[in-house]
Amino acid sequence: MFDLVIHLILIIISVCVAYPILHVTAIAFSDRYAIMANEVSIFPKGFTLESFTYILEQGKVFRAFGNSVFYTVLGVFINVAMTVIMAYPLSKTDLVGRSVLMKMILFTMFFSGGTIPTYLVVKELHLLDTVWSLVLPNAVWTMDLIVMISFYQSIPGSLYEAAYLDGASEFQIVRKVAIPLSKASIASIALFYFMGHWNSYFLPMLYLFDQKKYPLQLVLRSMLLESSGTTSGASVLAETALTPTGVKNATIVLIMIPVLLVYPFAQ
Amino acid sequence: MLVPGLLFYLIFRYGPMFGLAIAFKDYSPFLGVLKSPWAGLKHFEKFFSNADVWRLTFNTLRLGVLQLVIEFPLTIAFAVILNEVQNMRCKKAYQTISYLPSFLSLVIICSIFKDLFSVDGVINQMIVQLGGNVIHFNGDPKFYLFIYILSDLWGGLGSGAIVYLAALSGVDQNLYEAAKLDGCSRIKMIRYISIPSIMPTIVTMFLLRVGNIIRITPDKTLLFYNDLTLETADIIGSYVYRVGITNKSYSFGSAVGLLESALAAVILIAANKICERATGSSLW
């Protein structure tokens with residue numbers, strides 16, 4: 001009885017979670033008449049790729065996809081590089097001033113200058129409307145830094161010493177000892193950095209002005225804004241004229257594909 | 001090796017903190033942060049003399065408290081229920097499905113919920129089939145918070161549960177065995193073994209969240225609200241964004257943001273004190 005109730009609750013939750021995702025995917029692959037008639041549930045009706053071919057022809061979403069890939073690849077590369085080369089020295093307990101530095105870093109988790117002062121720093125460095133505005137202001141996430149520091153502390157010091165005695169420089173030790181040993185941890189922080197960049201819309205909205213530079217999330221957002229506030233039947237019709245529902249959902253599917261590809265590794 | 005990382009923290013983390021000085025200045029883009037003239041508490045006074053201030057504070061607190069009293073316990077309940085599943089395959093399946101939405105962006109979540117609740121969306125189709133009338137969910141302030149919280153749960157239940165599941169897996173299984181021999185029911189085991197065992201985790205998570213009943217990042221609000229729901233939906237964060245960034249009132253926006261951060265810090269410190277007295281565990 002108890003088990004039955006538990007499975008029932010969890011099945012209901014799973015259905016509620018899965019249904020919208022399947023619905024979106026089904027709409028993306030359905031033809032426009034089935035969509036307009038509200039006939040699509042969780043399976044595509046009148047299977048077609050017309051929404052995707054429309055995206056290819058129109059170019060806006062396609063360019064945004066390229067932008068998103070570029071920002072994400074560059075962003076994750078800088079994140080991982082910065083985090084690793086910072087975490088390694090901070091993992092050494094004999095580092096001069098280590099406790100002060102750690103306190104200063106942890107403090108930023110609880111207190112920040114806020115959106116506008118950060119915006120002004122980016123502005124005064126003339127980074128606005130460049131890819132660097134998306135990459136540099138969050139080059140290191142303190143949570144991920146702490147994960148890496150504690151990993152490097154768990155590596156036996158004798159491994160570093162051996163390399164040191166063989167005449168390796170600190171940089172060589174990082175490259176040949178620390179990084180190979182921490183591949184799994186690096187992969188896990190890279191995954192979170194990837195999700196952060198790929199899914200971010202707020203920072204691009206703050207820092208990018210040129211529509212040509214928009215990532216996918218912002219293009220999807222502008223599709224949403226076209227249809228927001230629709231309460232009367234008239235504006236609902238207007239909405240379908242601006243961005244067809246099928247195209248919007250095809251864009252969502254495009255955003256989801258890379259995420260679903262990395263999802264199995266996240267667990 | 002430390003130089004690039006430390007430069008980052010100095011410029012992009014400590015820089016903005018000193019940049020908060022513009023909350024007490026009249027920021028001018030031509031003079032920069034340092035040379036802009038001091039303005040005293042002018043921007044704070046302006047905020048408190050604004051008729052919107054209490055509505056904004058109330059809206060923010062209402063949303064924050066709702067998130068805390070609804071989402072926080074439900075996440076724990078979900079983890080506890082999931083932990084009761086004996087069949088490992090089923091457990092894995094439930095977990096995989098529920099964790100998926102936390103990998104979707106806010107924009108996607110917003111799009112999904114707007115469509116679900118739109119006039120010709122799935123929810124309204126069900127209402128019509130059951131003989132009801134179409135409801136304009138997205139344009140009605142009454143439903144705004146309901147949809148907001150529901151979308152939070154949809155997106156966050158799976159990922160939120162992970163930390164409690166980890167804590168639950170650390171509970172000594174002998175306790176359950178002993179309770180079983182004494183004829184203890186499953187519900188009583190949850191009540192007297194599972195929950196008390198993960199109490200320290202619950203307290204820590206509570207404290208990490210509690211400051212956020214006033215400091216709510218506006219990214220979700222900025223996507224979900226529209227002109228029709230603004231009255232209910234507008235929170236301090238979205239107001240700062242509109243006034244500070246869109247209207248370029250940098251000093252005023254910073255002052256409001258600073259007030260928000262200060263209030264969040266006061267709430268956190270107070271909650272930490274109370275928890276320390278009540279349960280003996282605290283954040284620091």
Side-chain angles (χ1 to χ4, degrees), chain A residues 2-3 6-7 9-10 13-14 16-18 20-21 23-24 38 82 85-86 88-90 101 104-105 108 111-121 124 136-137 139-140 170-171 174 195 198-199 201-202 206 217 220-221 224 227-231 233 236 248 252 255-256 259 263 266-267, chain B residues 1-2 4-5 8-9 11-13 15-17 19-20 22 32-33 78 81-82 84-86 90 94 96-101 103-108 110-112 114 116 118-120 122 125 136 138-139 154 157 186-187 219 223 226-228 240-241 244-245 250 253-254 257-258 261 265:
Chain A
F2 183 78
D3 279 318
I6 278 186
H7 279 283
I9 295 174
L10 289 170
I13 292 178
S14 301
C16 290
V17 168
I21 299 176
H23 185 55
V24 163
N38 263 324
M82 292 274 287
I85 59 165
M86 192 174 190
Y88 175 73
L90 282 173
L101 287 179
M104 279 181 69
I105 288 167
T108 62
F111 195 80
S112 80
T115 314
I116 294 173
T118 313
Y119 177 87
L120 292 179
V121 168
E124 297 206 351
L136 295 180
V140 179
E170 287 285 354
F171 275 106
V174 171
M195 295 308 304
W198 186 256
N199 282 340
Y201 95 93
F202 190 64
L206 270 183
Q217 306 285 350
L220 180 61
R221 175 177 169 270
L224 288 183
S227 58
S228 76
T230 48
T231 47
V236 171
K248 190 177 79 180
I252 295 182
I255 299 180
M256 285 200 297
V259 174
Y263 187 60
Q267 301 181 354
Chain B
M1 265 188 272
L2 273 172
F8 158 76
Y9 273 94
I11 297 172
F12 291 108
R13 290 292 174 266
M17 285 186 214
L20 274 173
I22 64 161
V33 172
F78 177 66
I81 290 176
L82 200 56
E84 289 296 317
V85 177
Q86 314 282 324
C90 287
Y94 294 139
T96 306
I97 294 174
S98 64
Y99 190 35
L100 186 58
F103 278 69
L104 302 183
S105 71
L106 276 177
V107 192
I108 292 183
C110 175
S111 167
I112 285 176
K114 282 237 158 107
L116 275 182
S118 72
V119 276
D120 49 3
V122 175
Q125 284 174 38
H136 298 311
N138 289 330
W154 189 80
L157 208 55
R186 299 270 291 277
I187 292 181
D219 39 8
L223 286 172
N226 54 38
D227 291 347
L228 298 165
V240 168
Y241 176 80
I245 303 287
Y250 298 125
S254 298
L258 179 60
S261 289

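Everything quoted here is computed from the prediction, not taken from an experiment.
Shown here are the side chain to side chain donor-acceptor pair (under 3.5 Å) partners of Y94(B), two or more places apart in sequence or in another chain: H7(A). Under the side chain to side chain donor-acceptor pair (under 3.5 Å) criterion, S14(A) pairs with no residue at all, not counting sequence neighbours.
Taken to the nearest 0.5 Å, the OH atom of Y119(A) stands 8.5 Å off from the OH atom of Y241(B). Note: E84(B) CD to D3(A) CG = 8.5 Å, rounded to the nearest 0.5 Å.
Between S111(B) and I252(A), the shortest heavy-atom distance links the atoms OG-CD1, 3.3 Å. Closest non-hydrogen pair, A18(A) versus I97(B), comes out as CB-CG2, 4.2 Å. Nearest heavy atom pair, residue V122(B) against residue H23(A), reads CG2-NE2, 3.8 Å. P117(A) and P16(B) make their closest contact through CB-O, 3.3 Å (heavy atoms, listed as atom of the first residue, atom of the second, distance). Taking every heavy atom of both residues into account, S105(B) and Q217(A) meet most closely at OG-OE1, 2.7 Å. Nearest heavy atoms, M1(B) versus P89(A): CB-CG, 4.0 Å.
Interface check for chain A: of the options I22(B), L157(B), T96(B), I112(B), the most heavy-atom pairs under 4.5 Å are formed by T96(B). By number of non-hydrogen pairs under 4.5 angstrom with chain B, the leading residue of G114(A), P137(A), G113(A) is P137(A). Comparing I13(A), V259(A), V24(A), T108(A) by how many heavy-atom pairs each has under 4.5 Å with chain B, the most go to T108(A). Interface check for chain A: of the options L258(B), L116(B), L106(B), L20(B), the most heavy-atom pairs under 4.5 Å are formed by L20(B). No other option in F12(B), F78(B), Y99(B) has as many heavy-atom pairs under 4.5 Å with chain A as F12(B). Here S254(B) is the residue among S118(B), S254(B), C90(B) with the most heavy-atom pairs under 4.5 Å with chain A. For chain B, the option among L101(A), I255(A), I105(A) with the highest count of heavy-atom pairs below 4.5 Å is I105(A). Each of F202(A), Y263(A), F171(A) has some count of heavy-atom pairs under 4.5 Å with chain B, and the biggest count is that of Y263(A). With chain B as partner, the option from T115(A), L136(A), I9(A) having the largest number of non-hydrogen pairs under 4.5 angstrom is L136(A). Between chain A and the options G257(B), P4(B), C110(B), the largest number of non-hydrogen pairs under 4.5 Å is found for P4(B). For the set V85(B), L82(B), L100(B), I11(B), the entry with the most heavy-atom pairs within less than 4.5 Å of chain A is L100(B).
For L220(A), the parts sitting under 4.5 Å from any heavy atom of chain B are the backbone and the side chain alike. Both the backbone and the side chain of V140(A) come within less than 4.5 Å of a heavy atom in chain B. With a 4.5 angstrom heavy-atom cutoff, F111(A) touches chain B via backbone and side-chain atoms both. Only the side chain of Y9(B) comes within less than 4.5 Å of a heavy atom of chain A; its backbone N, CA, C and O stay farther away. Contact of I85(A) with chain B is made through backbone and side chain together, with heavy-atom distances under 4.5 Å.
Looking only at side-chain heavy atoms (C-beta outward), N199(A) and L104(B) stay at 4.5 Å or farther from each other. Put simply, the side chain of M86(A) does not reach to within 4.5 Å of the side chain of F8(B), judged on heavy atoms.
With Y201(A) contributing its side chain and D219(B) its backbone, the two residues share a donor-acceptor pair below 3.5 Å.
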